[in-house]
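Down below is the structure, laid out as C-alpha cells.
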Number of protein chains: 2
Amino acid sequence: MVDKPVRIQDVARAARVSTATVSRALSTPDKLSEETRKAVFEAIRLTGYRVNQAARNLRMQRAGAVLILVPNLSNPFFSQILAGISGVFMETDYSVLIADTRARGADDTRLVDYSLARVDGIISLDGGLRPEIMAEFADRGAGDRMLFACEWVQDTPLPSVRSDNVTGARLAIQHLYDLGHRNIAHVTGPEDNVLTHARRTGMLEQRARLGLPVQEDWIIRGDFSLDSGRDAARRILEMAHRPTAVFCASDQVAFGLISTLTAAGVRVPEDLSVVGFDDIELSEYYVPALTTIRQFRRTLGARAARLLLDRLTGARPDLPDGDVLMVDVELVVRDSTAPPPSGR
Amino acid sequence: MVDKPVRIQDVARAARVSTATVSRALSTPDKLSEETRKAVFEAIRLTGYRVNQAARNLRMQRAGAVLILVPNLSNPFFSQILAGISGVFMETDYSVLIADTRARGADDTRLVDYSLARVDGIISLDGGLRPEIMAEFADRGAGDRMLFACEWVQDTPLPSVRSDNVTGARLAIQHLYDLGHRNIAHVTGPEDNVLTHARRTGMLEQRARLGLPVQEDWIIRGDFSLDSGRDAARRILEMAHRPTAVFCASDQVAFGLISTLTAAGVRVPEDLSVVGFDDIELSEYYVPALTTIRQFRRTLGARAARLLLDRLTGARPDLPDGDVLMVDVELVVRDSTAPPPSGR
DNA sequence: CTGAAAGCGCTAACAG
DNA sequence: CTGTTAGCGCTTTCAG
C-alpha cells in the first residue's frame, strides 16, 4: 500500500513541538534539550519520517548534488575511481550525478549550463575539457566548487588529485634497467593528454639519468587503448633493430601489445619485456601476469570527494603547492619482465 | 564573476508576460499563441534562464531522479550497462543516482528508505536483494517504478530486461560439441545468483539434447571472479580424468582459469578449450583471444532506462510474457577453442 | 489564451 | 532553548 509521505509537520505534531524544532533536531541536535531531542527522534522513528530533499534544497538554495564528469563511462579504468567518490558522498545528503563527456550527443558547451545549474560541485576525471569551457566554468563561479581527479587541465587554478605519474614512469624504467635492459621503447597515451605528458617526462628523465640512448622511433604514439597497443606491436615487429623492452602508458596498451606480439611469435618476457601502467584488476591474471605501476584509484576518488565536500561545506583545507594532492604509486613486478635475451 | 541565478520572474518581466505563461512555454508550448511563445523563448535566451529543478520538483511532488542499484561499482562489467542507462536519462530532466549495494556500509534495509524517499524510480542491476527488501519495496508502492536490468529477482512481479542467458549457454556447449568435445566442464557463478542458474540450465539442457554424459565433479562452483577462475583451474589440474573443454560463467572466470592453467603448463586451446560469457572489451586481446558469448550491455541498459521512463511518464507499454524483455546474445569464436587433443 | 494567487516542505531569522 | 513566520522558485488551478 502506498502511504502518503510524512512531512515535518506530522513529526512536529507527534512530538508536540514546532516544525522548527524538528528541523533543528536534524541539523543541530546539540542545540536542543535532551528531553526535546529524544521526543523528536522518537516521533521521527514512529512516523517513519524522511526529509524531502527537494524542499530542503529549494530552501537552502542549493542543488543537493555533485556532478562527476567521466571521459568514457564504459572504460573500466574509471569505475573504481567512481566507487571511491560514490562511497564518500553516500554518507552525505549530496546525490552523485554522472555524465559521460565523450558520449554521443554530449556537447560540452551545454555541459556547462547543465552542470552549474543543477549541481553544487563538480569533479572532473576529464583533463581534456577545452579551454573555452574551462573559462566559462571559471566565469560562472565554479572556481570554488570544481576540481580534478586523475586527469587535470594544465594552467587552470583548480585543485586536482592525481597519481604520481612521473615517479611511476621512473620506477618502470629503473626496473627494466636493473634487469639489464638498455634498449627501451615507450608507447605513449594520446598526444594532448596530461597523463601522457607526465609519464613521458618521467620516462625521459630517468633515461637521461641512467645515460640511456634516446632513439626517436622508439617513442610510439598510442592512446591508452587496446587497439593502440596492437598498432604499436605491428610497428615494433617491422623494426630492423627492435627494443628489448617496452614501457606502455596503460595496462590496456600493454595487453594489446602482448596479444599481438604473441600471435606473431614474439615471446613475452623471453624475447621482449613489457611494463604497463595502472594495475587494473585483470593485470594479475593476464598471460603473462603483467608487471605494472599500481595506481590507487579508489583512494584517489575518495580523496577528491572529500576535498570537494570540504569546500562545499565551507571548510578550506590547506592544499600543498599548486593545489595538487599527489597520490603515491608503486611498482608491481610480475611475469612480463625478465632480463633481455643474451647477446643484446 | 558570479551572476545570481535568473528566476522565472526575471524571464516573465523581460517578456512582459506572467510567470505562469513562462512556465507553460516550457511544459506545453502549443497552448500559447505563437507570438507569446516567441517572446518568451527570446526572453529565456536573453536572460540565460535555467529551470530550478529543486523548485520544480518540490512543486511537482517528485524527486527528479532515478536510482541505479549496482552490486559492485568497481566491476567493469557493469559500467557499460550504466553508460546505456545514463545516455537515455541524459536527455530527460531526471538525474541518475548510483548506489553500490555491496559497498562497505551499504546496509540494504536503509537502502529502501533512502531510495524511495529520494527518487522516482529504481533500476536494479542487483538480483541478490533479499526477499524482505523486495517485500518492503512492494509495500511502499515501488511496483510501478522499479525494474531489473541484467540480473533480476525470481518470483517478483517487477519487469526485467535481461540477456538470453539460457540460449547463450546452449550456444557455448553446441560450439564445443561441434569441435568434437564430449567432456565439457562448467564453472558456475555464485550459487544464489539468477544468472548462474540460467546459464547452468542452458548448459545442462544442451548437454542432455546432445546426449553428453553428466559428470558431477565437472560442475565447479565459482562466483564470476578472476580468483574463482584460478581456483577452478587448480581443481581441474588435480583431476585424474580431465575435461577437454571448460565453459565458464563469465569472461573473468575464463581469464583466471586460463592464466592458472597456462602457468601450470596446460596449453589453451591445444590441451584444453575454454569458452567465456560476456565478451568484455578485453576478451579480444587476451592470450589467447577468448571465445565467448557476447552480451549487448549498452543496449540492455538503454532498454531498461527507456522502459522505466515510460512508466514514470504514465505510459504503460505492453510487455511480453512475464514482463521480461529479452536481449539476444551471440557466440563469438576466437582462439581459446579448438578440437580436443587427438585420442580423447 | 493569459494572469493572479496559492502552496509544495523545509530552514533560518527573529522574538520570546 | 523553543515557537512563529516568511519565503526559496516553481506549477497549476481558477477566473477572466
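Only this structure's heavy atoms are used, side chains among them; waters, hydrogens and symmetry mates stay out. We name chains A, B, ... by the order of the sequence lines, and we start the count at 1 in each one.
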Checklist line | Salt bridge R130(A)-D192(A), side-chain N to carboxylate O under 4.0 Å | finding: no
Notebook entry, point to check: Distance check: side-chain N/O of Q61(A) vs OP1/OP2 of dG9(D), anything under 4.0 Å?
Noted result: yes
Next item on the list: Scan side-chain atoms only and decide if T101(B) and D126(B) contain a donor-acceptor pair under the 3.5 Å cut-off.
Entry: yes
Item checked: Residue whose closest nucleotide on DNA chain C lies nearer the 5' end, T36(B) versus A55(B) -> T36(B)
Note to self: With a strict under 4.0 Å distance from non-hydrogen atoms of chain A, what nucleotide opens and what nucleotide closes the contacted stretch of DNA chain C, reading 5' to 3'?
What the structure shows: dG9(C) to dA13(C)
Checklist line | Separation of dT2(D) P from E34(A) CD (nearest whole Å) | finding: 12 Å
Next item on the list: Check if the side chain of R24(A) and the base of dG3(D) share a donor-acceptor pair of N or O atoms closer than 3.5 Å.
Entry: yes
Check: How long is the line joining CZ of R16(A) and P of dT2(D), in whole Å?
Finding: 16 Å
Check: Do R62(A) and N57(A) meet the criterion of a side-chain donor-acceptor pair at a distance under 3.5 Å?
Finding: yes
Check: Does V66(A) reach the side chain of L97(A), with side-chain heavy atoms less than 4.5 Å apart?
Finding: no
Notebook entry, point to check: Rounded to the Å, how far apart are R13(B) CZ and dC10(D) P?
Noted result: 12 Å
Margin query: Tell me the interatomic distance from L26(B), atom CG, to dC10(D), atom P, rounded to whole angstroms.
Written below: 9 Å
Checklist line | R162(B) and C150(B): CA distance, side-chain angles, deciding distance, side chain to side chain contact (heavy atoms under 4.5 Å, CB included) verdict | finding: CA-CA 5 Å; R162(B) 42 177 111 157; C150(B) 184; over 6 Å; no
Item checked: Nearest-nucleotide 5' precedence on DNA chain D, R7(B) against T21(A) -> T21(A)
Margin query: Can you work out whether K31(B) or M60(B) has the more 5'-proximal nearest nucleotide on DNA chain C?
Written below: K31(B)
Margin query: Pairing donors with acceptors under 3.5 angstrom, does anything connect the side chains of S163(A) and Q295(A)?
Written below: yes
Next item on the list: Identify whether any heavy atom of S33(B) sits under 4.0 Å from a base atom; if not, whether one sits that close to sugar-phosphate; answer base, sugar-phosphate or nothing.
Entry: sugar-phosphate
Next item on the list: Take atom CZ of R56(A) and atom P of dG9(D), then tell me their distance rounded to the nearest Å.
Entry: 18 Å
Margin query: Using whole Å, what does the distance between atom C1' of nucleotide dG3(D) and atom CD1 of I8(A) come to?
Written below: 13 Å
Note to self: As a test of reading the structure: which of dG9(D), dT2(D), dG3(D) is closest to the side chain of A20(A), going by heavy atoms?
What the structure shows: dG3(D)
Item checked: Separation of dT2(D) C1' from R37(A) CZ (nearest whole Å) -> 14 Å
Check: Is the closest basic N to carboxylate O distance between E42(A) and K38(A) below 4.0 Å?
Finding: no
Check: Base, sugar-phosphate alone, or nothing: which one does L58(B) contact when heavy atoms must sit under 4.0 Å apart?
Finding: base
